[in-house]
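Indexing begins at 1, ligand by ligand and atom by atom, following the structure's order.
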Amino acid sequence: MTTKKVFDGESAELMVQGLRETFTSGKTKSYEWRISQLTKILEFTRTHEKEIVDALHSDLTKPEFESFIYEICAIKSSCKFAIKELKRWMKPERVGATLLTFPSTAGIVAEPFGVVLIISTWNFPLLLCVDPVIGAIAAGNTVVLKPSEIAPAMSALLAKYVGEYMDGSAVKVVEGGIPETTALLEQKWDKILYTGNSRVGRIVMSAAAMHLTPVVLELGGKCPVIVDSDINLKVAVSRIIVGKWGCNNGQACIAPDYIITTKDFAPKLVDSLKLHLNKFYGVEPLKSNDISRIVNSDHFNRLIKLLDDDKVSHKIVHGGQSDIKNLKIVPTILLDVPDDSLIMSEEIFGPLLAILTVDHLEDSFDIINSRPKPLAAYLFTNNKKLKGKFVSEVSAGGMLINDISLHLSVPTLPFGGVGESGMGAYHGKFSFDTFSHKKAVLYRSFLGDAPQRYPPYTSRKLAFLKAVLKGNFTDIFRAVFYWP
Ligand code: NAD
């Protein structure tokens, strides 16, 4: 009988060594290699759509519709965008030089970091694993991907097909949990991108600090939604519902965590949310196939604990039912939850939605700004002044007005957090930039050499230098030709 060797520090070291050799060979830097690997990702996604849907169903009972839109289509379009734009992204950027360096040309050259580590999470286990890999490969790096052990079916699928489709000397998948990630984190990486919670984010950052490795941390937080009364209620509520429960049943980093609205408008908003929830998921949502289950019993129990908190258990105005056997919790709304309740003290990351009420909508800005900075902040309004104030006064990783989550799908926008919700960003060109070192290159010729820059230093040379720095041509001329 053969036993499978555990992935330990030694395995990690050997893996990184191999990848470094591949990187040093220079093969991952060519445009052709990058395109071939990106094309393989596209081919994998196209060929194995059914297996992907099945894996996502096995891990989360994710509805096929959601798997198709938010995972498969998202990866395909990210890959196609990178393939289309890569040549342009790789081109050195010409920038202006200065008078001091005249004659010269200056440019910024994007060079791959080298060997990068991507540690991912379970809620969008295809998208959040493969999308950063697209960026890392587009930028010409070798990569190790560590999917989440909490989505084992997708982790196994990626391990199998990355091995089959990609260049095995440059792209690897390591399956496993804390021991495997710890072994990986002990190695020296050239860049690490981590997606997950902020507690582990700190572990990743401390490990990276040992080697001065730069990190991107894609974390979470409590994403607020401000709802004005002056809106198309039906459209707003439909969008809030689909952004909250129609994306993994609230298990999404950019899902609405809590709503802030005025005391006067709250009853109307709650009624509309109830009406549309019943319309979308039926009156027995536990039986709906359009809602993902909670990923595992730990997260299920964590969410039930939030609901059982004495401070909020009587605040449920919709839902509240659960089915422990199938790990389902129905869309649940809690109105007027106190600030010191459990539900307001941590990221919900599930199908519970808290509503806070204020006298004046502008008060919401202080509520949001008094908390850790969220990954996304949303506002529903037609009021132009309010939109302006929201954008200028609220700090968040990203914001979206009059919809939920859609900003993520725009490849010309960076996606990432700020403060407690993370650092760094990716998507589209930002992914390429995230995995590239921007190397400054100045080209000089042997012409136009100024003897004034060389010792012995004299007051005439100093006057020349000062005149050049000021850009004062008369003084330059005087220092060169008419020095007293
Ligand atoms: P998780 O439990 O799958 O952990 C993420 C990764 O960290 C996994 O690969 C896991 O193996 C590894 N890990 C866990 N504990 C570790 C440890 N002690 N040492 C080293 N590695 C360890 O995922 P999670 O943290 O439950 O993910 C949910 C969180 O991620 C939420 O806070 C959510 O908001 C956030 N999130 C952020 C984004 C984003 O793009 N910003 C996307 C999805 C989720």
[atom1]-[atom2] distance between [X] and [Y], expressed to the nearest 0.5 angstrom:
| X | Y | atom1 | atom2 | answer |
| --- | --- | --- | --- | --- |
| L307 | L342 | CG | CG | 10.5 Å |
| E393 | L386 | CD | CG | 9.5 Å |
| C79 | L42 | SG | CG | 5.0 Å |

Side-chain polar contacts of residues 110-121 - donor-acceptor pairs under 3.5 angstrom, sequence neighbours left out - could you list them?
from : atom 1 : to   : atom 2 : distance (Å)
E111 : OE1    : K439 : NZ     : 2.6
S120 : OG     : L128 : O      : 2.9

Residue part near ligand 1, for [X], under 4.0 Å between non-hydrogen atoms:
| X | answer |
| --- | --- |
| N123 | side chain |
| E180 | neither |
| F124 | neither |
| N197 | both |
| T181 | side chain |

Exercise: do Y161 and E51 side chains pair donor with acceptor under 3.5 Å: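 Their side chains do contain a donor-acceptor pair, which is all the 3.5 Å distance test asks for.
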Pi-cation contact, F349 with R302 (under 6.0 Å, within 45°):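 Verdict for F349: no cation-pi partner in R302.
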Numbering as shown, the atoms of ligand 1 that approach [X] to under 4.0 Å (heavy-atom distance):
| X | value |
| --- | --- |
| I203 | 18 (N) |
| T195 | 5 (C), 37 (C), 38 (C), 39 (C), 40 (O), 42 (C), 43 (C) |
| L375 | 41 (N) |
| G196 | 25 (O), 27 (O), 29 (C), 30 (O), 35 (C) |
| L219 | 37 (C), 38 (C), 39 (C), 41 (N) |
| T121 | 1 (P), 3 (O), 23 (O), 24 (P), 27 (O), 28 (C), 43 (C), 44 (C) |
| L128 | 42 (C), 43 (C) |
| I150 | 2 (O) |

P147 near ligand 1 by a heavy-atom separation under 4.0 Å: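 Under 4.0 Å: yes for P147.
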Contacts of F430 that satisfy side chain to side chain contact (heavy atoms under 4.5 Å, CB included) - sequence neighbours left out: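 Partners of F430 under the side chain to side chain contact (heavy atoms under 4.5 Å, CB included) test: P414.
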Could you tell me whether [X] and ligand 1 have an N or O pair separated by under 3.5 Å?
| X | value |
| --- | --- |
| E149 | yes |
| W122 | yes |
| T182 | no |
| R199 | no |
| F415 | no |

Please state which protein non-hydrogen atom is closest to [atom] and give its distance, to 0.1 Å?
| atom | answer |
| --- | --- |
| atom 3 (O) of ligand 1 | S148 OG, 2.6 Å |
| atom 33 (C) of ligand 1 | F349 CE1, 3.3 Å |
| atom 7 (O) of ligand 1 | Y194 CE1, 3.5 Å |
| atom 31 (C) of ligand 1 | E347 OE1, 3.5 Å |
| atom 36 (N) of ligand 1 | C253 CB, 3.5 Å |
| atom 13 (N) of ligand 1 | V200 CG1, 3.8 Å |
| atom 6 (C) of ligand 1 | S120 O, 3.3 Å |

Test side-chain contact (heavy atoms from CB on, under 4.5 Å) applied to I333 and I355, I259, I316, the passing residue: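 Testing each of I355, I259, I316 against I333, the sole residue satisfying side-chain contact (heavy atoms from CB on, under 4.5 Å) is I355.
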Mutual orientation of the aromatic rings belonging to [X] and [Y] [parallel < 30°, tilted 30-60°, perpendicular > 60°]:
| X | Y | result |
| --- | --- | --- |
| Y378 | H407 | perpendicular |
| W89 | F432 | tilted |
| F124 | Y70 | perpendicular |

Any side-chain heavy-atom pair of V162 and V130 under 4.5 Å: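 The answer is no, as the side chains (C-beta and beyond) never meet within the 4.5 Å cut-off.
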W122 side chain reached by D59 side chain, heavy atoms, under 4.5 Å: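 Sidechains of W122 and D59: no contact.
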Option whose closest heavy atom lies nearest to atom 16 (C) of ligand 1, chosen from I119, I178, D131: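 Going through I119, I178, D131 one by one, I178 has the nearest heavy atom to atom 16 (C) of ligand 1.
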Nearest atoms (heavy-atom pairs only) where K188 meets V16: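 For K188 versus V16, the nearest heavy atoms are O-CG1, 3.9 Å.
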With D167, the side chain to side chain donor-acceptor pair (under 3.5 Å) member among Q37, K27, K40: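 Running side chain to side chain donor-acceptor pair (under 3.5 Å) over Q37, K27, K40 with D167 returns exactly one hit, K27.
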Pair D339-R371, side-chain contact (heavy atoms from CB on, under 4.5 Å): steps then yes or no: CA-CA 11 Å; D339 205 40; R371 301 180 150 272; 2.8 Å; yes
